[in-house]
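Each chain gets a letter, A, B and so on, in the order the sequences are listed, and its residues count up from 1.
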Amino acid sequence: MADTNNERLSEQLPTRYGDIEVPPRPPENQPIYEPPVHEIPDISEYDLPYIQSQVQEELEARFGSEVKLQRPPDHIDSDYAVRLFKPLAEAGPEVVNQKINELTASLSDESVVKGLSLESPYLNIRLSPEVVGTSVIRTIEALGEKYGSFNAGDGATVIFDTSSPNIAKQMTVAHLRSTVIGEALGRLYQNCGYRVIRDNHLGDWGSQFGILGHAYELWGDQVPELRDGGDPIKGLLELYVRINSEIEDEEAVSETGSELRRKGLEWFGKLERGDPKARELWRWALDISMVEAGQIYKRLGSNFEYILGESEYVQMLPQIVEALKGVGLASKDDLDRVVVGFDENSNIKSLPIQKSDGTSLYATRDLATLAARSVWFKPEKVIYVVGGEQKHYFQQVFETFNRYSDAVGETPPETEHVYFGMVKLPEGKMSTRKGNVIFLEDVLDEAVARARKIVQEHAGESSVEFSEAEIDKIAEDVGVGAVVYSELRQGRTRGIEFKWDEVLSFKGNSGPYLQYTNARINAIFRKLEEGQEIDFDTPFKISDDLEAKLALKLGELPEAIQDAVTKNEPSLLSEYLYGLCSAFNSFYKNNPVLSAEDPQVRTSRLRLCLATTTVLRRGMYLLGIPIPEKM
RNA sequence: GCGCCCGUAGCUCAGCGGAUAGAGUACUUGGCUUCGAACCAAGUGGUCGGGGGUUCGAAUCCCUCCGGGCGUACCA
């Protein structure tokens, strides 16, 4: 008891990062998941990675370390291949053939390799689907939902800076990417033995809020939405659009700048200095924003271990400026701002951290956040899931923080900006200020409405029955799944032009395709009569190519996850799951499961179905796609 | 101007030094008296933005030009 109290006490004591005093850690939003690193295997223990390393070893022993196992293109009927260009040129075909014969003899002991064939300059390696398939199926059956987990992180803490909507504005489709990618990466890292902290770094501070505050004081009573019964967020948005448009007009005609903007910045100054009236309005806006955002996060299945907005770090801001000045990294410039300078030939421009009126900037808050996070969580890495347009900015911040850490003898966490391309509308860049936006809530509602229509059509014609309550739930899952998947389907880096038809696609390479595949498998097990349990002792049998392909595909999940994590690219997992479903559906079409006559074949097919749903569910969970039982 | 990103099938995208450049979508065709047709199968569709180079080999690397996006704020 005493120990716990002491621990709590010491946790509450302020600590320092260099010369920066860090306040006590605020409470968490939800508990941090501690991955069971000792219970999950190493990636090399999974079937296919293990086989690959064995084969690679044999190859290297004969052809040197330069040969590398690779996946052949689709039209080649082979599982792995190596290019033997060099050995063929240097040692000649006869020597190579001789070595391949040795290799065949050596590998046939393992029985996982069915055959080798030299199709110059490639050596194609075919696995035995029976042997490998059996092994993969058994691994999946043994591990269940742990299949695909492996320990790469060993419990190290990784912070994801994700979602980060601005308060007093509705979330738009632009926030979707950070939210969805951050969530998927968080789950993927947990799956790989990392202790994950997703921190929603709300944009709840800064000049733009001052401008809004000023607008509220000027015109707040003229906006119907701000009265009782209205939607206050819509009202605030209306004010924000109006004041920005008037500022633009003023700046177009005035050489001395906009009076409205000046007043807005003054308002922010009041807020930052703690003016009670300003704080009260700010607090109210924050609260109503969080209620609205919370609803969207709930629908998307987003998890945040912490929700620490920019405002959490306000008390640290003056120290940040002093600390950076203290070690000679920052100084006053001729405009009376405080800026961090960089080498002229470093391609990094100087970074202002304090305005001439003494108020803070985005960078000041981000530097404070980084210092606080380092003290509170001792992370190995901090990953910022933020749009690519801020690339240069994050270079400035990371470089500044690293230099400061170096100057005061602190070891900074590794920092990485995992950026994504901008979401644009067919009309061009989205802008809340110009009112040219698509709200996230509307996208979800529209997706769910379309899904409901399709579910209702199916309810009439399909053999599956849905109750009214089920239809509501299914429509929500399918609509949300379609939207989430559309964000995770393509590479992060590329910009996206928002098109309704693509986001709301329910066929082909889409979220509902994965959900539908899983629902089909569920139907099989629903029909499996009581007492007809799968006999796992019956030897597993592969009847045809479709089954062989499916079984091998099932074995690829761990590698797909590994790729997705090392490249911070969830789309690699989406691609894998699409391929898995495609393989399953081809199998399903041609090979009856329940009505298979041969009991061994029937059991083997049931096991393939079971393994597929295990893998599929795990993958969908990792991406954050809802998994309806029926649809 | 400078820096970063991107031009691949009508459209949306994979592939990023190696075998006949692949998917989805759209279009055309075939498949529900056998476990769910939100599915499956097949076909049409590409001098990988243009031009140089490096290489045995280039969509992939280098140079250059053209086209588009983003950044280069006392915004975030």
Next on the checklist: Show, in sequence, the C-alpha distance, side-chain angles and deciding distance for A:Glu476 and A:Arg452, and conclude whether the salt bridge (charged side-chain N to carboxylate O under 4.0 Å, His left out) test is met.
Outcome noted: CA-CA 8 Å; A:Glu476 178 73 19; A:Arg452 171 174 282 111; over 6 Å; no

With a 4.0 Å cut-off on heavy atoms, is [X] in touch with a base, just the backbone sugar-phosphate, or nothing at all?
| X | answer |
| --- | --- |
| A:Val339 | nothing |
| A:Tyr513 | sugar-phosphate |
| A:Ala89 | nothing |
| A:Asp333 | nothing |
| A:Asn124 | base |
| A:Gln515 | nothing |
| A:Gly491 | sugar-phosphate |
| A:Pro72 | base |
| A:Lys630 | base |

Roughly, in whole Å, what's the span from [atom1] in [X] to [atom2] in [N]?
| X | N | atom1 | atom2 | answer |
| --- | --- | --- | --- | --- |
| A:Asp77 | B:rA19 | CG | C1' | 14 Å |
| A:Leu514 | B:rG24 | CG | C1' | 13 Å |
| A:Phe466 | B:rG36 | CZ | P | 11 Å |
| A:Tyr588 | B:rC40 | OH | P | 12 Å |
| A:Asn591 | B:rC40 | CG | C1' | 12 Å |
| A:Ile474 | B:rA38 | CD1 | P | 13 Å |
| A:Gln456 | B:rG36 | CD | P | 21 Å |
| A:Phe584 | B:rC39 | CZ | P | 14 Å |

Distance check, [atom1] atoms only: [N] and [M], in whole angstrom units.
| N | M | atom1 | result |
| --- | --- | --- | --- |
| B:rC48 | B:rU60 | C1' | 10 Å |
| B:rC27 | B:rG67 | C1' | 29 Å |
| B:rG46 | B:rC2 | C1' | 36 Å |
| B:rG43 | B:rG53 | C1' | 40 Å |
| B:rA59 | B:rG7 | C1' | 12 Å |
| B:rG10 | B:rG45 | P | 11 Å |
| B:rG51 | B:rC66 | P | 15 Å |
| B:rC5 | B:rA9 | P | 22 Å |

Checklist entry - For A:Lys355, does its backbone N or O pair with a side-chain atom of A:Thr359 as donor and acceptor, under 3.5 Å? => result no

Mate of [N] where both pairing distances stay under 3.5 Å, Watson-Crick or G-U:
| N | result |
| --- | --- |
| B:rA41 | B:rU29 |
| B:rA9 | none |
| B:rU55 | none |
| B:rC35 | none |
| B:rC2 | B:rG71 |

Next on the checklist: As a test of understanding, state which of A:Glu310, A:Glu312, A:Glu272 forms a side-chain hydrogen bond (donor to acceptor under 3.5 Å, both in side chains) with A:Trp205.
Outcome noted: A:Glu272

If you check every side-chain atom of [X], which of [options] has the closest atom?
| X | options | value |
| --- | --- | --- |
| A:Glu502 | B:rU12, B:rG22, B:rG36 | B:rU12 |
| A:Tyr578 | B:rG36, B:rA23, B:rC39 | B:rA23 |
| A:Asn585 | B:rC39, B:rA38, B:rC5 | B:rC39 |
| A:Lys589 | B:rA37, B:rA38, B:rC35 | B:rA37 |
| A:Ile454 | B:rA14, B:rA38, B:rG36 | B:rA38 |
| A:Pro73 | B:rA19, B:rG3, B:rC35 | B:rA19 |
| A:Ile76 | B:rA19, B:rU34, B:rC4 | B:rA19 |
| A:Val455 | B:rA19, B:rG36, B:rA38 | B:rA38 |

Next on the checklist: Under a 3.5 Å threshold, yes or no: a donor from one side chain and an acceptor from the other, between A:Ser510 and A:Arg489?
Outcome noted: no

Checklist entry - Between A:Lys549 and A:Ser586, is any side-chain donor less than 3.5 angstrom from a side-chain acceptor? => result no

Short side-chain N/O contact from [X] to OP1 or OP2 of [N], under 4.0 Å:
| X | N | answer |
| --- | --- | --- |
| A:Lys86 | B:rG57 | no |
| A:Arg494 | B:rG7 | yes |
| A:Thr517 | B:rC39 | no |

Item to check | Among A:Val397, A:Ile353, A:Leu367, the one residue meeting side-chain contact (heavy atoms from CB on, under 4.5 Å) with A:Val340 | outcome: A:Ile353

Item to check | Is_stacked (A:Phe85, B:rC56) at 5.5 Å, 30 deg | outcome: yes

Checklist entry - Taking atom CG of A:Leu351 and atom CD of A:Gln395, what is their separation to the nearest 0.5 Å? => result 11.5 Å

Next on the checklist: Would A:Glu259 and A:Lys263 count as a salt bridge (charged side-chain N to carboxylate O under 4.0 Å, His left out) here? Give the steps.
Outcome noted: CA-CA 6 Å; A:Glu259 185 60 24; A:Lys263 282 275 169 57; 3.6 Å; yes

Next on the checklist: I want to confirm an ordering. Mapping A:Phe587 and A:Glu497 to their closest nucleotides on RNA chain B, which one lands closer to the 5' end?
Outcome noted: A:Glu497

Item to check | Closest heavy-atom pair and its distance - A:Ala285, A:Ile167 | outcome: C-CD1, 4.4 Å

Item to check | Of A:Tyr362, A:Tyr419, A:Tyr384, A:Phe398, the residue whose pairing with A:Tyr393 passes ring pair (Phe, Tyr, Trp, His ring centres under 6.0 Å) | outcome: A:Tyr362

Checklist entry - Step by step, would you call A:Tyr578 with A:Tyr513 a ring pair (Phe, Tyr, Trp, His ring centres under 6.0 Å)? => result CA-CA 8 Å; A:Tyr578 175 71; A:Tyr513 179 77; 5.2 Å; yes

Checklist outcome for this item: Scoring nucleotides 69-76 of chain B by protein non-hydrogen atoms under 4.0 Å (B base, S sugar-phosphate only, - none) yields SSSSSBSB

